[in-house]
S.K.: 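A single structure is presented below for examination.
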There are 2 protein chains.
Amino acid sequence: MARIKPGKNTTRKELITRKAATLFKSKGYAVASMRDLAESIGVEAPSLYNHIGSKSEILRSICFTVAGSFTSHLEQTLQGTDPILHKVAAIIRFHIGMMLNDFDAVYVSNHDWKHLDEPYLSDFLNQRREYERKFVQLIQEGARRGEIKDTDPYVVVLTILSAVRGLEFWQHHKKNISTDNLENNMVDHLLNGIAK
Amino acid sequence: MARIKPGKNTTRKELITRKAATLFKSKGYAVASMRDLAESIGVEAPSLYNHIGSKSEILRSICFTVAGSFTSHLEQTLQGTDPILHKVAAIIRFHIGMMLNDFDAVYVSNHDWKHLDEPYLSDFLNQRREYERKFVQLIQEGARRGEIKDTDPYVVVLTILSAVRGLEFWQHHKKNISTDNLENNMVDHLLNGIAK
DNA sequence: GGGCAAAACTAACACTTATTAGTTTTTTGG
DNA sequence: CCAAAAAACTAATAAGTGTTAGTTTTGCCC
């Protein structure tokens with residue numbers, strides 16, 4: 001059969017990973033088979049193994065790429081000298097952007113990290129906990145400076161991260177509201193509430 | 001082998017469903033096998049079929065029980081004459097309560113509804129959409145009455161539902177804060193924001 | 001305590017899974 | 001245009017899946 005044709009500047013491995021993200025998103029990692037993946041690319045299943053090591057390696061690659069993006073953006077944001085609320089808003093906006101632009105990979109990372117095998121599972125969870133910890137610290141700093149209410153900082157972080165994650169249900173309504181509006185509305189809700 | 005002993009006032013079927021919820025929660029529906037489930041009960045896999053029709057029937061039962069609880073609570077809340085913000089708060093509190101008290105079932109319903117087979121999948125999604133629709137209407141009514149800011153009502157609902165759903169990550173920190181505090185903090189955040 | 005229904009068991013089925021081995025085809029570089 | 005490397009193929013394996021059939025055990029009721 002004809003060879004896989006990756007786009008410009010992408011290896012075959014990257015193409016497979018990208019297709020896998022789409023497949024895993026729609027069926028779930030556990031249910032998606034290597035045969036499904038091969039078919040979506042136009043090739044027989046064993047051919048994939050010329051380019052990747054295993055199914056679990058693909059998942060690993062997806063999860064850690066996403067985690068890496070979030071982590072490095074957070075580090076960068078924390079270093080600035082903006083008011084705390086601006087930093088929080090920037091973090092929220094970055095999450096929203098990731099959800100909208102890298103949807104498949106973020107979705108898979110959010111849903112299927114459970115299927116990572118050790119020691120990667122522990123690595124992943126540690127990275128996530130570390131992210132949360134730094135975010136909590138930021139909220140605490142904001143409260144200390146009087147820029148943020150004295151709410152339990154962990155609950156605040158949980159609420160924010162969960163809310164943006166919920167954008168996975170967004171797709172259906174894409175037409176009714178621009179993504180700019182969506183971003184602004186959500187940031188405003190999470191910072192200022194809805195009560196009048 | 002000795003017979004399954006359900007607790008008082010529960011059938012064997014209910015016991016199996018309860019154990020299944022716990023199992024599905026920790027491994028995921030797709031990965032959890034009937035043999036796993038049987039082992040967690042102390043029985044051989046085929047014995048389960050004396051009590052249930054199929055694996056998918058169990059999932060169906062879990063998902064629709066949870067969906068039914070949410071739907072009927074919403075109906076009840078909408079009928080009252082409280083201020084809109086009170087109603088919204090009551091809905092949020094109910095979601096939090098379900099997450100804390102019926103964790104396994106709610107978790108499975110949130111994560112594994114994708115594996116429902118037709119026509120149940122469509123039924124489930126319709127029920128969910130209907131729930132969202134009514135919730136959106138409530139927010140709109142609140143805005144019309146001037147009790148709620150003029151934010152996009154669908155974004156508001158999405159943010160709220162996602163935030164409470166995120167309580168699935170709660171467990172780790174149970175000790176540091178009472179559930180009452182958790183509830184109050186989250187409701188306050190979602191209604192009034194965090195900015196000072 | 002004997003009978004009967006409920007509920008357990010064992011054995012087996014037809015499939016599907018990820019992955020390997022070995023081979024053939026295709027593309028690339030000189 | 002030929003050789004070498006890359007990437008496809010086919011065939012096969014061992015393990016695991018949900019579920020059925022048929023049989024044996026268990027426990028309640030008269």
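What you see below is based on every heavy atom in this structure, not just the backbone, and it leaves out hydrogens, waters and symmetry mates.
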S.K.: So, is B:Ser47 near the phosphate of C:dA7, with a side-chain N or O under 4.0 Å from OP1 or OP2?
M.R.: no
S.K.: Once you round it to whole Å, what is the distance between P of C:dA12 and OH of B:Tyr49?
M.R.: 19 Å
S.K.: Starting from P on D:dC9, measure out to CD1 on A:Ile41 and report it in whole angstrom.
M.R.: 11 Å
S.K.: Test the A:Lys55-A:Tyr29 pair against the cation-pi criterion, namely NZ or CZ under 6.0 angstrom from the six-membered ring centroid and within 45° of the ring axis.
M.R.: yes
S.K.: Is there a side-chain contact between B:His51 and the phosphate of C:dA6, meaning an N or O under 4.0 Å from OP1 or OP2?
M.R.: no
S.K.: Would one find more than 12 heavy atoms of other residues, nucleotides or ligands at under 6.0 Å from atom CD of A:Gln76?
M.R.: no
S.K.: What I want to check is whether the side chains of B:Asp104 and B:Thr22 have a donor and an acceptor closer together than 3.5 Å.
M.R.: yes
S.K.: Under 4.0 Å between any heavy atoms, over every strand shown, what does A:Ser33 touch: base, sugar-phosphate, or nothing? Just pick one.
M.R.: sugar-phosphate
S.K.: If I take atom CD1 in residue A:Ile52 and atom C1' in nucleotide C:dA18, what distance separates them, rounded to the nearest angstrom?
M.R.: 10 Å
S.K.: Given that A:Arg35 and B:Ala45 both sit by DNA chain C, which one's nearest nucleotide is further toward the 5' end?
M.R.: B:Ala45
S.K.: Over all strands shown, is A:Ala32 touching base, sugar-phosphate only, or nothing at heavy-atom distances under 4.0 angstrom?
M.R.: sugar-phosphate
S.K.: When you check the side-chain N and O atoms of A:Ser33 and A:Asp36, is any donor under 3.5 Å from an acceptor?
M.R.: yes
S.K.: Should the side chain of B:Asn50 and the base of C:dA8 be counted as holding a donor-acceptor pair, with the cut-off at 3.5 Å?
M.R.: yes
